[in-house]
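Comments concern the structure below.
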Amino acid sequence: VTDEDKSSETTSVFDCYYLFFWIRELCQQFPHGITDQVIQNDMPHLEPQQRAAAINKLLSLGQLDLLRNSSGLLYRMKDAQSASKMKGSDNQEKLVYQIIEDAGNKGIWSRDIRFKSNLPLTEINKILKNLESKKLIKAVKSVAASKKKVYMLYNLQPDRSVTGGAWYSDQDFESEFVEVLNQQCFKFLQTKADMSRDSKQSPMVQRNSSFATSHEVWKYICELGISKVDLSMDDIETILNTLIYDGKVEMTVIAAKEGTVGSVDGQMKLYRGVNPVIQPTGLVKTPCGLCPVFDDCHEGGEISPSNCIYMTEWLDF
Amino acid sequence: MTAQEVRLCGLLLREHFGEVVEKVGTHLLRSGAQNLRTIIHETGLPLDLVKKSLCVLVQHGACNFRSGRKGPGCPTEYQASGDRILRILRYPRYIYTAKTLYGDTGELIIEELLQRGHMTMSSTVKTVADRLTQNMEEGRSMDYSEVTSAFSKLVETQFLQRCPPMGGARNTKDTTPGTPASTALLTPESFPDCYKVPHITLIGRGKRRHSSDDGEDQKSAKKAKMDPETHGDEGIYWQVNFERFHLHFRDQAVISAVANKLDQTCSEIVRTMLRMSEVTTSPSATCTKPLSANEIFRSLPASYNILRPILDQYLTLLVDDPMEFVGKAGESGGGMFVVNLHRALANLARATLESAVQERFGSRSARIFRLLLRKRHLEQKQVEDFAMIPAKEAKDMLYTLLSQNLVQLQEIPKTPDYAPSRTFYLYTVNQLPTARMLLQNCYKTVANLIERRLFETKESKRLLEKSQRIEAILASLQVSGAEPEQLTEVEEMITAPEKQQLESLRLHINKLDSAENQVDETMFLLEAYVSSTATSTA
C-alpha cells in the first residue's frame, strides 16, 4: 500500500461526504429535482462511478427521491418531515403511499392501487390497514357508488365529486333541505314580483324591479340562516334552475360591468317569478285524464266507462 | 282515421242522427270512398235507408260525393269526412261564440244552420224571426230586416259561407263559368262569390206560433218547410264556416295566455293586433302581417287611453318575453310588430302537455318533463343532478314516464355492438308525437264520457219515462183547468227518493256534458298545434 493509494482512499471517503453535501446543496437549489447532467456540469472532475455510488448511498439512506421524467432520471430532496413519517416502513408501503399521494383529493380505489403497484391483493390490504392505523391515509365512501371506498391522504379534503357537495350529508341526498330552499327562493321572488306589480309604475320599471339577481337571492338565503352548510352562489343557481324547471320562474342573462357585485365573466343572471300561461287543461278535469288504467278501458270489458268506479266517485262528488 | 276517432264519430252520429246513420257513417269512415251498391252490400241495410242516411250526411257536409275514380262512366263514390263529424262536439262552443259576438239573433242563426246543415238565407231569416218572436212579449214581433242585417254581418266577418255548388248540379247562379266537372273536391273558398250576400226581397215580420200549433210544429220541425214563396236566392245555400270560428278560438286562446302571463293591458294590445289582422292573415300563416306601432296606437279601444311612450314600453315588454308571443319585424313606423301564431300555439301545446303530466304524475315528474323539454337529451345522472331529486325517486319517475310513452329513450352506442355497458342512453321528449298521443287520449276520453252518459240514461230509463208521463198529465190537467188537490195528487205519484234520484241523474248528466266541453277545449288546442306544424313543414 503506497502513500498514494492511502491518500486516494482517504480522499475518496472524504470526497463521499463532500459529495453528499454538494449534491444536497444542488437539490436544495433546484427543488424540482436535478438530473445527472446537472451534477456533471457542476462537478466536472467527478467520475461517473463515484457519482453513481454517491447517489445510491443517498437513496438508500432515504434522503433523495428518485423520479423519472421524459428526459431521464431526476433526483429530488425529500423533505425532512415526510422522511420521518416513512421511517420504519418498508419499501412497499412507501410505494403505496406514493400512489395514494399522487391521487390527490379525488382518492383512489384499492383495485387501482393494485394495478399501479403490481402488488398482490393481500399485501395491499395489509399495507392499507397499516397506513390507516398510522393515520397517514383515510377511507372515504364515494357518493356515486355506495359500496366503493376511495383512499386519500389523511389531511386532505375530499373532492366535491366524491362527497356530492353541499346537498349530501353523509352520502344521503338531503331532499327536505333542497325542498325548503326551493320554497324560500320562490317565495322571495314571488313577493318581489308582487311588490313591483302593486307599485303601479310604468311597465318597464315594473318588470325590471321584479327581477332579482342570483347574488341577491344568495344574500337573502344566507341571511335567513336556514342552512347549516355554507352555500355558494353556484349552489343557489342550481336551486333556482329547479324552480325554472317547475315553471314558476324565468331567467334572463344581462351584460354587467366586471366588478359589480355578483357578476361572473361580465354577465349577471336575473330571475323573476312568473304566472302559469294556462289553467290546468280540460283533459285533466275528467277522471279519464288521470286514470291509471286508461289503456285497459274498453266498452264491454272488465274496465269500461259504464262501470268505472272513478267516474262514479267523481259524479257523486 | 284512428280507431278512437271512428268510435267517437260513431257515438256522435248516433246521438244526433240515429243508429242507421251511425252504421252507414262508421262504415264509410272505416272503408274510405265507396259507391252505393257496395255500401248497401256491406252494411246490409235496405236501399232506401242507405239513401236517406247518405242524404243526411251530405246535407250536413259530412259526406262528399264525386264521380268514380275508375273513369267517367263509374257510379258516384261517397266519402265521409271524419273531421267534419268531430266538429259536432264543438257546436255548443260555436253557438256561444256567436251569442257573445252578435247577440241572440246571431246565436239563433248559427244554431239553425248547425241543425239544418245547409239552408238558404231567406228560410233562415224567416225561421229565426219566428223563433225570436216566440220568446218576445205578446204584441211584439221581430222584423225580418233585423235578422237579415245580422245575417249579413255574419257573412261579412266570414263566419258564414256559401256552400260550394255540387259538380253537375243544376245551378241557377253559376258563379264559375267554364269550370269542367272536375273530380277534385272543391273548397268553398275557391269560389269568388263565397262571401257575397245575395239580394233578397224579404219583407215582413216574424209570426208568433200559438200553443195549438205546438203539436204540428214538432212534427214539421225536422222537415224542411215547404215555402211556396220565392225570394230571389234559390239554390244559394249557406253553411257555417268552421275554420273562421277556429281562428277566433285560437285568437282567444292567445289573448288569454298573454293576460295570464303578463297583464290585462298587454292582452288588450294583442287583441287589437289580432283584430286588425283578422281578414288580412291567411289561416295557415305563421304570423300576422306586420303592424306598425302607429297603427296599433290608433286602433286601440278608446277606453284604454294609454300614452304613446307607454305603449312602446308595453310592446317592448311583449317582444322581450321568453314566450315570444309578439315579435319585431322592422323599425319603420315606430316599429313593426307581428304576432307569432305558430310559436304561440306551440307554447300553448307545450303548456298543455306539462299540465297533463303534472296532474297525472305529480309536480316532481312534471319537473323532470319540463327539464327534458328544455334540454332535449340528457343522461339519467344528469337528470338527477339538474332536477335535484334523489337518485332512486328520479329513476322511478323516469321509468313511469317512459312506460306511458311520454318520454323516449335514445341509444347512442360507443361500439358497433350495442353492448349496454358501452352505450349512452339519453332521455328525450318529442313534443309533436306526444301531442298527437295526448290528442288520441282526448278522443277516447270524450267517447268514454258520452258512453257513460248514455249508460246512466239507460239505467234510469224507467224512471225518466215515468216522470215524463207525470209531466204530461200535469200539463194537460193544467190546461183543462183542475183543482190544486188533483195537481198535488198527481205530483205525489213520484216518491221523494225517486225525485232525489232524478235530481242526481240530472246533475250527473250536466257534469258529463260540461266535461265533454272542457276536453273539447284541450282537443282544439292540440289539433290546432298539430295542423300548424303540418303546414309549416309542408
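What's counted below: heavy atoms across the whole structure, side chains too, no hydrogens, waters or symmetry copies. Numbers restart at 1 for each chain; the letters A, B, ... are given by sequence-line order, proteins then strands.
- In the displayed structure, B/E503 atom CD is contacted under 6.0 Å by more than 12 heavy atoms of other residues, nucleotides or ligands.
- For the residue pair B/F386 and A/Y245, the shortest heavy atom distance occurs at O-CE1, 3.8 Å.
- A donor-acceptor pair shorter than 3.5 Å can be found between the side chains of B/T522 and A/T281.
- A salt bridge between B/R452 and A/E299 is absent, with no side-chain N of the basic residue lying under 4.0 Å from a carboxylate O of the acidic one.
- Residue contact with chain A, scored on non-hydrogen atoms closer than 4.5 Å, involves the backbone of B/I389 exclusively.
- Contacts with chain B were tallied for A/L290, A/D316, A/T252; A/L290 has the most, counting heavy-atom pairs under 4.5 Å.
- Judged by distance alone, the side chain of B/K444 and the main-chain N or O of A/F294 form a donor-acceptor pair under 3.5 Å.
- No part of B/E393 comes within reach of chain A, as not one of its non-hydrogen atoms sits under 4.5 angstrom from that chain.
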Take B/E521 and A/L283 through the side-chain contact (heavy atoms from CB on, under 4.5 Å) test and state the conclusion after the steps.
CA-CA 8 Å; B/E521 283 176 21; A/L283 175 62; over 6 Å; no
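- Annotation: maximal heavy-atom pairing with chain B below 4.5 Å, among A/V284, A/I244, A/V274, occurs at A/V284.
- For B/R376, the CZ atom sits in a loose shell: 12 or fewer heavy atoms of surrounding residues, nucleotides or ligands are nearer than 6.0 Å.
- With a 4.5 angstrom heavy-atom cutoff, B/A366 touches chain A only via backbone atoms.
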Kindly indicate, with the supporting measurements, whether the criterion side-chain contact (heavy atoms from CB on, under 4.5 Å) is fulfilled by B/L512 and A/L315.
CA-CA 8 Å; B/L512 288 165; A/L315 286 173; 3.9 Å; yes
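- Using a 4.5 Å heavy-atom cutoff, the side chains of A/N241 and B/M388 are not in contact.
- For B/A387, the part lying under 4.5 angstrom from a heavy atom of chain A is the backbone only.
- When each of B/Q518, B/R370, B/M323 is scored by its heavy-atom pairs under 4.5 Å with chain A, the top score falls to B/R370.
- Considering A/P305, A/C288, A/C291, A/P287 in turn, A/C288 is the only one that fulfils the side-chain contact (heavy atoms from CB on, under 4.5 Å) rule with B/T445.
- A/M311 contributes atom CE, which lies 12.0 Å from atom NE2 of B/H508 (distance to the nearest 0.5 angstrom).
- Both the backbone and the side chain of A/V277 come within less than 4.5 Å of a heavy atom in chain B.
- Along residues 347-364 of chain B, the residues that come nearer than 4.5 angstrom to chain A, judged on non-hydrogen atoms, are B/L348, B/A351, B/T352, B/S355, B/A356, B/E359, B/R360, B/S363, B/R364 in order of number.
- When heavy atoms are compared at a cutoff of 4.5 Å, A/D295 approaches chain B by way of both its backbone and its side chain.
- Taking both residues in full, the closest heavy atoms of B/N260 and A/P276 are given as CB-O, 3.5 Å, listed atom of the first, atom of the second, then distance.
- When B/K511, B/R7, B/K375, B/K261 are compared by the number of non-hydrogen pairs under 4.5 Å with chain A, B/K511 comes out ahead.
- A distance of 9.0 Å separates CD1 in A/I278 from OG in B/S256, rounded to the nearest 0.5 Å.
- For the pair A/T286 and B/E516, the minimum side-chain heavy-atom distance is 4.5 Å or more.
- Looking at A/S210, neither its backbone nor its side chain comes within 4.5 Å of chain B, counting heavy atoms on both sides.
- With a 4.5 angstrom heavy-atom cutoff, B/D321 touches chain A only via side-chain atoms.
- Scanning both residues, B/R367 and A/T242, for their nearest heavy atoms gives NH1-CB, 3.9 Å.
- In this structure, no portion of B/M523 lies under 4.5 Å from any heavy atom of chain A.
- Between B/F455 and A/S306, the shortest heavy-atom distance links the atoms CE2-O, 3.2 Å.
- Residue contact with chain A, scored on non-hydrogen atoms closer than 4.5 Å, is absent for B/T265.
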